[in-house]
Amino acid sequence: MASMILQLLGFSVALIGFIGTIVATVLPHWWRTAHVGTNIITAVAYMKGLWMECVWHSTGIYQCQVHQSQLALPRDLQVARAMMVVACVLSVLASVVSVCGMKCTQCAKGSSSKRMIAAFGGVFFALAGLMCLIPVAWSTNDVVQDFYNPGLPYGMKYEIGQALYVGFISGGLSVIGGIIILSTSCQRDNTPLPYTPHRRYPRKAPTSRSQPVNKSNRVPSWSSASRHGYHLNDFV
């Protein structure tokens with residue numbers, strides 16, 4: 001029972017991480033304009049994501065433009081795109097496999113491969129979390145290095161966007177949830193078997209068999225006695 005609750009907890013944590021991974025992949029807030037130096041007061045803010053670039057004006061106008069060419073993008077952006085998409089696909093696969101292998105579901109119930117299916121689901125969740133953490137950490141490192149680069153103008157410096165924070169949290173939750181599912185599926189069930197008392201059947205009383213009548217012990221009839229020459233008067 002405790003392992004089933006832990007398995008449900010791990011799946012819930014990993015599912016939250018999966019939703020956060022999708023949000024971090026779609027949001028354009030990976031890089032945002034750094035308000036430093038002469039850029040402290042500005043009427044325009046720039047944001048960049050994996051799929052689009054957005055501009056926010058102080059008047060409230062929000063404009064976004066999708067990246068037109070895949071090949072014209074920088075190599076690190078292409079790799080980040082691919083890894084986040086792989087993380088989302090692995091999370092979907094992990095969700096389906098984990099549901100089939102969890103102890104609270106009826107799928108493959110009683111089969112010896114049910115625990116192995118759940119273990120594969122935990123491994124897929126952990127891999128999806130790692131695939132999400134790698135591009136997020138890589139992009140964060142690039143933003144920090146560019147920000148502290150003295151040769152770079154203030155107008156070209158960016159700060160860490162909200163999507164990177166969401167990606168860190170989501171990747172960590174996916175890894176933690178996958179590890180919990182994997183650990184609970186590898187545990188053996190130590191539930192003792194229910195004690196069934198032996199039934200005591202009453203002993204059957206031995207059946208008395210009727211003794212066969214010996215024909216030689218029969219009392220001779222009067223007719224047979226008279227036939228053999230015996231008379232009643234002889235015994236008086």
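Predicted model only: the values in this text are computed from it and were never measured. Computed over heavy atoms, backbone and side chain alike; hydrogens, waters and symmetry mates excluded.
Using a distance-only test at 3.5 Å, with no hydrogens or angles considered, no donor-acceptor pair links the side chain of K157 to the main chain of V143.
The shortest side-chain heavy-atom distance between W31 and S139 falls under the 4.5 Å cut-off. Between Y46 and E53, every side-chain heavy-atom pair lies at or beyond the 4.5 Å cut-off. By the 4.5 Å heavy-atom criterion applied to side chains, L73 and R81 are counted as neighbours.
Taking every heavy atom of both residues into account, A128 and L90 meet most closely at CB-CB, 3.8 Å. Contact between A87 and C132 at its shortest, heavy atoms only, is CB-N, 4.0 Å. The two residues V66 and M52 come nearest to each other via the heavy atoms CA-CB, 3.9 Å. The shortest non-hydrogen separation linking S91 to F125 is O-CE2, 4.0 Å. Across every non-hydrogen atom of S98 and G121, the tightest pair is OG-CA, 3.3 Å. Residues A118 and G101 approach most closely at CB-O, 3.3 Å, considering heavy atoms.
With hydrophobic clusters built from ILVMFWY side chains whose heavy atoms lie under 4.5 angstrom apart, I179 does not share a cluster with I181. Linking Ile, Leu, Val, Met, Phe, Trp and Tyr whenever their side-chain heavy atoms come within less than 4.5 Å leaves V96 and M131 in two separate clusters. Under the 4.5 Å side-chain heavy-atom criterion for grouping Ile, Leu, Val, Met, Phe, Trp and Tyr, V144 is connected to F147 within one hydrophobic cluster. Cluster annotation: M102 and F120 are assigned to distinct hydrophobic clusters (Ile/Leu/Val/Met/Phe/Trp/Tyr, side-chain heavy-atom contacts under 4.5 Å, transitive). V92 and L133 are members of different hydrophobic clusters when ILVMFWY side chains are connected at heavy-atom separations under 4.5 Å.
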Table please: side-chain donor-acceptor pairs of residues 160-168 below 3.5 Å, with sequence neighbours left out.
none

Using a 3.5 Å cut-off and no angle test, enumerate the donor-acceptor pairs between side-chain atoms of residues 7-30 and protein atoms at least two apart in sequence or in another chain.
{"from": "Q7", "atom 1": "OE1", "to": "K103", "atom 2": "N", "distance (Å)": "2.9"}
{"from": "S12", "atom 1": "OG", "to": "L8", "atom 2": "O", "distance (Å)": "2.8"}
{"from": "T21", "atom 1": "OG1", "to": "G17", "atom 2": "O", "distance (Å)": "2.7"}
{"from": "T25", "atom 1": "OG1", "to": "T21", "atom 2": "O", "distance (Å)": "2.7"}
{"from": "H29", "atom 1": "NE2", "to": "Y62", "atom 2": "OH", "distance (Å)": "3.3"}
{"from": "W30", "atom 1": "NE1", "to": "A24", "atom 2": "O", "distance (Å)": "2.8"}

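With rounding to the nearest 0.5 angstrom, the CD1 atom of I134 is 11.5 Å from the CE atom of M84. To the nearest 0.5 Å, atom SG of residue C54 and atom CD of residue Q65 are 10.0 Å apart. Note that CD of E159 and OG1 of T33 are 9.0 Å apart. Values are rounded to the nearest 0.5 Å.
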Carefully, step by step, assess L77 and K48 under the rule side chain to side chain contact (heavy atoms under 4.5 Å, CB included). CA-CA 11 Å; L77 191 58; K48 293 171 61 178; over 6 Å; no
